[in-house]
Amino acid sequence: MPKLEVGASVWTVESDRTLLDSLLDVGLAVPFSCRAGSCHACLVRCLEGHVADAQPEALSPERRAEGWRLACQCRIVGDVRVSIFNPEEDGIPATLTAVDWLGADVVRLRMQPERSVRYRPGQSVGLWLNGIARSYSIASLPGEVPWLEFHIDCSRPGQFSTAARVIKPGDRLCLGALNPSALHYPAEQPDSPLLLLGSGSGLAPLWGILREALDQEHAGPITVVHRARAASGHYLRPALDRLAAEQRTLNVEYLDEKGWEPWLKTLRLSSRRTVALACGSPAFVEAVSRRLFMAGLPRGQLLTETFVSKAL
């Protein structure tokens with residue numbers, strides 16, 4: 001049977017069991033949430049040995065070269081020595097500079113990292129707060145402001161969202177690894193119609209991408225569609241309305257759950273050159289993808305990111 005080594009301790013574990021389950025079995029408190037490779041809470045560093053990784057694309061090539069793996073996606077196939085991600089040593093400390101509620105359920109966190117973070121709009125990063133970890137999309141635009149901005153949906157129960165309800169400026173967090181993302185501004189197609197579809201706080205990465213498109217003077221028309229459970233859930237409406245008033249190429253539509261299905265059924269493309277970006281729950285992204293393909297959108301022109309709603 002394979003041996004699992006962490007620090008000065010060594011255990012015999014079952015072969016072909018996930019690295020996460022093996023670590024939990026021996027009593028190590030490894031944070032985890034989605035078990036799907038999305039939240040990046042279960043980061044471990046493989047120091048010796050080999051594990052079978054089911055989702056190698058979930059981490060950047062740079063992080064993988066450093067030995068980092070997602071424990072939930074790796075199976076033990078032989079002896080392995082690992083270290084568990086320590087946010088204080090392996091992450092980037094950050095200080096909250098502002099905490100603002102954008103409506104009843106979404107809190108906007110702005111934080112100043114101790115060192116610069118290079119990212120592109122659409123990427124997410126692991127946030128660590130009092131031992132709780134969760135991956136969130138960055139809503140700020142690189143170079144626009146010195147802080148990082150996140151939109152946290154607190155409408156559903158979860159350890160991180162519960163903690164986010166009571167944090168205040170001056171509190172400390174840690175940033176984990178930047179996560180690869182399919183969402184990005186298609187700079188190579190500056191004349192194509194751009195369709196941005198977000199559900200709930202799935203609007204966060206699209207908010208950064210939208211402003212990048214405008215900064216790049218995107219020539220094609222841009223449509224932003226935000227679905228919320230109710231009208232009060234359109235938490236960025238004031239900011240979006242201001243942009244729409246300033247930008248003649250920008251159109252914004254707001255839909256609640258009642259109006260969403262009829263709107264989706266009648267969705268048509270203004271051009272087969274349209275590039276669509278969708279972000280939200282798996283069900284939302286699946287419904288949007290299906291309708292866009294039925295409307296004739298080429299598969300290479302749809303970029304998607306799903307949010308996994310799991311308590312952590």
Side-chain angles (χ1 to χ4, degrees), residues 38 40 60 92 94 96-100 102-103 106-113 116-127 134-153 164 173 175-190 192-218 220-228 234-244 246-247 249-254 275-280 284-285 288 302-307:
S38 297
H40 288 220
S60 69
I92 302 176
L96 276 172
T97 58
V99 178
D100 302 292
L102 307 178
V106 177
V107 61
R108 180 180 64 197
L109 306 182
R110 288 175 173 169
M111 60 192 69
Q112 180 69 59
S116 62
V117 177
R118 297 181 62 183
Y119 67 96
R120 70 181 188 185
Q123 280 193 278
S124 61
V125 65
L127 295 184
R134 180 82 191 271
S135 183
Y136 287 99
S137 294
I138 303 172
S140 45
L141 187 63
E144 181 185 45
V145 290
W147 61 74
L148 297 180
E149 180 174 312
F150 300 89
H151 303 162
I152 312 299
D153 184 353
L173 298 91
L175 306 177
L178 278 168
N179 306 327
S181 173
L183 298 180
H184 63 273
Y185 168 60
E188 69 282 0
Q189 297 172 279
S192 296
L194 198 56
L195 177 60
L196 309 179
L197 304 109
S199 176
S201 60
L203 187 57
L206 302 179
W207 175 236
I209 291 170
L210 169 62
R211 286 176 294 144
E212 182 182 20
L214 296 175
D215 281 357
Q216 296 292 329
E217 299 182 350
H218 187 81
I222 304 174
T223 300
V224 176
V225 180
H226 185 226
R227 188 193 76 168
H234 299 300
Y235 69 94
L236 280 182
R237 184 162 189 162
L240 285 168
D241 286 346
R242 283 195 297 272
L243 274 184
E246 298 168 356
Q247 306 288 335
T249 61
L250 175 60
N251 178 59
V252 185
E253 299 186 48
Y254 305 99
V275 179
L277 284 72
C279 186
F284 171 82
V285 170
V288 165
L302 174 63
L303 311 176
T304 65
E305 187 82 11
T306 58
F307 285 177

List for me each residue that meets side chain to side chain contact (heavy atoms under 4.5 Å, CB included) alongside Arg118, sequence neighbours excluded, and say none if there are none.
-> none
Starting at CD of Gln247, measure out to CD of Glu217 and round the result to the nearest 0.5 Å.
-> 9.0 Å
Which residues pass the side-chain hydrogen bond (donor to acceptor under 3.5 Å, both in side chains) test with Glu253, sequence neighbours left out?
-> Trp263
Minimum heavy-atom distance between Asn179 and Ser135, given as atom pair plus value | ND2-OG, 2.6 Å
More than 12 foreign heavy atoms under 6.0 Å from CD of Glu188: is that the case here?
-> yes
Sorted by chain and number, sequence neighbours left out, ring-ring contact (aromatic ring centres under 6.0 Å, His included) with Phe284 holds for Trp260
How far apart are the closest heavy atoms of Phe150 and Ser137, and which atoms are they?
-> CD2-O, 3.3 Å
Val252 meets the side chain to side chain contact (heavy atoms under 4.5 Å, CB included) criterion, sequence neighbours left out, with Val224, Leu240, Ala244, Leu250, Tyr254
Could you go through residues 194-211 and list every donor-acceptor pair under 3.5 Å that involves a side-chain atom there, pairing it with any protein atom two or more places apart or in another chain?
{"residue": "Ser199", "atom": "OG", "partner": "Arg227", "partner atom": "NE", "Å": "3.4"}
{"residue": "Ser199", "atom": "OG", "partner": "Arg227", "partner atom": "NH2", "Å": "3.1"}
{"residue": "Arg211", "atom": "NE", "partner": "Trp207", "partner atom": "O", "Å": "3.2"}
{"residue": "Arg211", "atom": "NH1", "partner": "Glu144", "partner atom": "OE1", "Å": "2.4"}
{"residue": "Arg211", "atom": "NH1", "partner": "Glu144", "partner atom": "OE2", "Å": "3.2"}
{"residue": "Arg211", "atom": "NH2", "partner": "Ala139", "partner atom": "O", "Å": "2.5"}

Kindly write out the residues that satisfy side chain to side chain contact (heavy atoms under 4.5 Å, CB included) with Ala228, not counting sequence neighbours, or none if the list is empty.
-> His226, His234
Note, Ile138 side chain near Arg120 side chain (heavy atom, < 4.5 Å) = no
Side-chain heavy atoms of Pro221 within contact of Asn251, under 4.5 Å = no
Of all residues at least two apart in sequence or in a different chain, which pass the side-chain hydrogen bond (donor to acceptor under 3.5 Å, both in side chains) check with Tyr185?
-> His218
Taken in chain and number order and not counting sequence neighbours, the residues that satisfy salt bridge (charged side-chain N to carboxylate O under 4.0 Å, His left out) with Asp241 are Arg237
Ala182 versus Glu305, closest heavy-atom pair with distance | N-OE1, 3.7 Å
Which residues satisfy the side-chain hydrogen bond (donor to acceptor under 3.5 Å, both in side chains) test with Thr304, sequence neighbours excluded?
-> none
Stepwise side chain to side chain contact (heavy atoms under 4.5 Å, CB included) test for Leu214 and Ile222 = CA-CA 9 Å; Leu214 296 175; Ile222 304 174; 4.0 Å; yes
Among all residues two or more places apart in sequence or in another chain, which pass the side chain to side chain contact (heavy atoms under 4.5 Å, CB included) test with Arg110?
-> Thr97, Ala98, Arg108, Trp147, Glu149
Do Leu141 and Pro121 have side-chain heavy atoms sitting under 4.5 Å apart?
-> yes
Looking at Val125 and Gly176, what are the two nearest heavy atoms and their distance?
-> CG2-O, 3.6 Å
Test item: side-chain donor near acceptor, Gln123 and Ser181, under 3.5 Å = no
List in chain and number order the residues that pass side-chain hydrogen bond (donor to acceptor under 3.5 Å, both in side chains) with Thr223, two or more places apart in sequence or in another chain; answer none if no residue qualifies.
-> none
How far apart are the C-alpha atoms of Phe307 and Val285, what are their side-chain angles, what is the distance that settles it, and do they pass the side chain to side chain contact (heavy atoms under 4.5 Å, CB included) test?
-> CA-CA 9 Å; Phe307 285 177; Val285 170; over 6 Å; no
Shortest non-hydrogen contact from Leu175 to Pro113?
-> CD1-CB, 4.0 Å
Check: Pro186 main-chain N/O paired with Gln189 side-chain donor or acceptor under 3.5 Å | no
